[in-house]
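We use all heavy atoms of the structure for the numbers below, so side chains are in, but hydrogens, waters and symmetry mates are not. Quick note on labels: first sequence line is chain A, next is B, and so on, each numbered from 1.
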2 protein chains.
Amino acid sequence: MSAYAFLEEKSKKINTIKDILGILNWDASTMMPTGAASLRGEQSSMLNLMIQQIIKDSGFAEALENASSQNLTPEQKANLNELKRYYIHQNAIEDNLLKEYTELTNETDMVWREARPQNNFKMLLPNLKKIFDLARQMGEAKAEKLGCTPYEALVDEFDPGSNCKKIDLIFNDLETFLPDFLQKVLHKQENETKPIALEGPFPIERQKELGLKIMDFLGFDKNFGRLDISTHPFCGGSTNDVRITTRYDENDFVSALYGVIHETGHALYEQGLPDAWSAQLAGQARGMGLHESQSLFYEKQIGRNPHFVSFLAPHLKQIFEGKGPAWDVDNLIQLNRQVQPSFIRVEADEVTYPLHIIMRYKIEKGLIDGTYNIADLPDIWDNFMVKYLGIKPDSLSNGCLQDIHWPVGLIGYFPSYTMGSLIAAQLFASLRDQNANVEKEIEQGQFKPTLEWLRKNIHEKASFLSQDEILIKATKQPLSANAFKTHLQKRYLNA
Amino acid sequence: MSAYAFLEEKSKKINTIKDILGILNWDASTMMPTGAASLRGEQSSMLNLMIQQIIKDSGFAEALENASSQNLTPEQKANLNELKRYYIHQNAIEDNLLKEYTELTNETDMVWREARPQNNFKMLLPNLKKIFDLARQMGEAKAEKLGCTPYEALVDEFDPGSNCKKIDLIFNDLETFLPDFLQKVLHKQENETKPIALEGPFPIERQKELGLKIMDFLGFDKNFGRLDISTHPFCGGSTNDVRITTRYDENDFVSALYGVIHETGHALYEQGLPDAWSAQLAGQARGMGLHESQSLFYEKQIGRNPHFVSFLAPHLKQIFEGKGPAWDVDNLIQLNRQVQPSFIRVEADEVTYPLHIIMRYKIEKGLIDGTYNIADLPDIWDNFMVKYLGIKPDSLSNGCLQDIHWPVGLIGYFPSYTMGSLIAAQLFASLRDQNANVEKEIEQGQFKPTLEWLRKNIHEKASFLSQDEILIKATKQPLSANAFKTHLQKRYLNA
């Protein structure tokens, strides 16, 4: 067996283990009884250790070297590069450290579920402190090998090729642009007639029916995935089995609906990856920035687009038996365009959302590099909220306890959300350049041409190219905040 | 590390993998989208291979030998014996054969789900043929080492210590007793006023509420388990996470309710196993015969007991808003005591149920030893039905396609159902001897003393003793059909 063939076999094994972890994690968030948390932690820990063992098996490092001199196709070369990058990330961490981190974050997930509704930061603090301590250790171990800072090493695992220089450049641009822009939008909004609110209740069964219907329109294949409920919506599962979740509120269907559209964007990416490469690292999604661009493409560029709202309106009216002017298309469009600084990131509008991300980015970077102390998190959080959005959270569950990311050990993940917003805007601008009919199609409920464009330009590219390469091929330019700013100006100021 | 300590560590790893398999299997039957079936098969296959690798690691066999000369406690000795038995079962099978069997049965599970509603035996036949061929090979490989026939080797994996001589002795007793007895019951029934049928519909949400309520009464701990829906009800999941399922019919709540009570009996056994031994083989349930005795103890000895029906009646009336004489206790008791030869095993009454089992036992034994040909299964099945119960199935889904067992590779499993009935009857007779108040307690909804008795006599014994030893300790006599026959005579002939 050639060195490359050996690596392909290992990659398949690793991917199968990751698929199992995907189902176990989905189960833990949607189905598992609370008493099983610690044993589930042990199960995940064992599976992660198995991946480590495959990686650290002396044959693996040797095969990476030997395969480099083999005659490989471009796709195989890309796969080899991914294997090398994966090796660096995995091999840098001691088995015991990884085991501890996995068990700790599994446990903390459950602690967070208890602490959040009780606004109890103290309950979470000891675990959270340990998580950041261990993450710092892991970042340090990797930083050496990747030639970057410990925080950047954490980011790299989620979004390969990202770095603080690139992030800072773009985030500074937004930090300069957004506050002024926000004031202009709020000012314009003040002088407009207020839209009429939709009155509930909106039965959860109907909301679920609506979500499934829209998933179907957008192209989600139910033979290879499903929709469930969890506290924090996500897209997970495994190859050929994409599990998305949402959460329902009887008084507000919009949050669950756009949550479903968002996760459907993630799911379409997963379902559109090339089948023949599903067991190989190069066959996986490129990184979380691009992944988030797909969810935000569907949620913001399409879902909040007035043409989509026109398409949606009759479905909403029918499912919720809506009557009166509140359900008119113009009112729904106006409702969808409201901007309002608010506490909860996942419910924030497009204009304020990046500010939620920039503060999380600064906080987690500061917690890793020692600028901040985790015990001060509630104050740090509230100060940023006041500075960026002019509001102070009324509770911890509406403040620093709102997100699942840190409790489950996702540190370095947040920047990808806003990178995703920018990529989504840049992609949609290109798609519109290339297909002048796209918004008309959307209004008519024809989502296939859009999906095909994404399949060809993003999904099928998997990890054969870098994020930058994929983006330049698709949009003819590197990533910047320009398309996003243009998009905001058009949608919110008619400019 | 001592040889025994080494084995303990391996046992823990094996058990963690089995726990993961338990969740994946539950998911496959309750949640998984159809398109994921073949990849799920690969996942299970990989995990089963990992167990094989642990077992076949040269260190394992050596440790088994070396540990024998260590100074061990009785529990540790029992654990070592279980490890030895497990080793024989696992080591006898070639890796490739096991892989093929796992993938095949995973796939066939999905084929069966399609074939059954279509009454399509031909769709299932090729897979089923392969399953029996591979099972025969596995039985042959083990038979040598266990000193028994290939079919007995298959039975031994589910019910250690069982053999055809023992099974035949008891089944022949029943085969002689039941047909005559059935006629007597039918004759008596004919001369009684017919009970009034309960009229639906019984909304599924209410049925679920009822099931959860009764689970709670019986002592099921919801922090360590849950209730879902599947085509074929089962009790699965993992340590501290017992997943039971049922299926609902809007026109008949009785089937789902008694299904839930049955699976709760299994679940209580799992939840009652000694915590300290949960990762060791000796800490697991003794075997499927004893496991089935726990489910049937709750379903038949308790659940169908007139005193339980008295307890149940007001709950039924309240949940289903029942009105009129059909909901009177006496009518409900009479409804519960109806005997009627019928097609479906899982819906059969206590009197006819063993005949369903005896025919399955004879068929699967015949298919393994070559007496029967799998292509003839529909005819063989119908002939037995006519011979034993005087009725011929009106469709294949009501005939040989009704059970999930063979499609998922459970061959040698069926006898344990009837062994379980007999054990349950023998246990309940002993409990009543030791606690004259037990039926009064049941009528008052006090199930704790009964559960405590089972905890002490069955659950906590785990696999530290053989099934025979556990039974003799609990009931002062070895297993026979006597208590079961006495029970039937009392319940159905007031004798």
| remark: Applying a strict 4.5 Å limit to non-hydrogen atoms, the region of B:M50 in contact with chain A is side chain
| said: Does B:I17 form a side chain to side chain contact (heavy atoms under 4.5 Å, CB included) with A:M46? I'd like the steps, not just the answer. | reply: CA-CA 9 Å; B:I17 297 174; A:M46 190 192 75; 3.4 Å; yes
| request: Output all residues satisfying ring-ring contact (aromatic ring centres under 6.0 Å, His included) with B:F202, sequence neighbours left out; order by chain, then residue number. | output: B:F253, B:F320
| message | To check you understand the geometry: which heavy-atom pair defines the closest contact between A:F224 and B:P33, and what is its length? | response | C-CG, 3.9 Å
| Residue B:L47 versus chain A: region with a heavy atom under 4.5 Å | side chain
Donor and acceptor N/O pairs, chain A versus chain B, under 3.5 angstrom:
residue, atom, partner, partner atom, Å
A:K12, NZ, B:E42, OE1, 3.3
A:D27, OD1, B:R243, NH1, 2.8
A:D27, OD2, B:R243, NH2, 2.8
A:M31, O, B:R226, NH1, 2.8
A:G35, N, B:N223, O, 2.7
A:E42, OE1, B:K12, NZ, 3.3
A:N223, O, B:G35, N, 2.7
A:R226, NH1, B:M31, O, 2.8
A:R243, NH1, B:D27, OD1, 2.8
A:R243, NH2, B:D27, OD2, 2.8

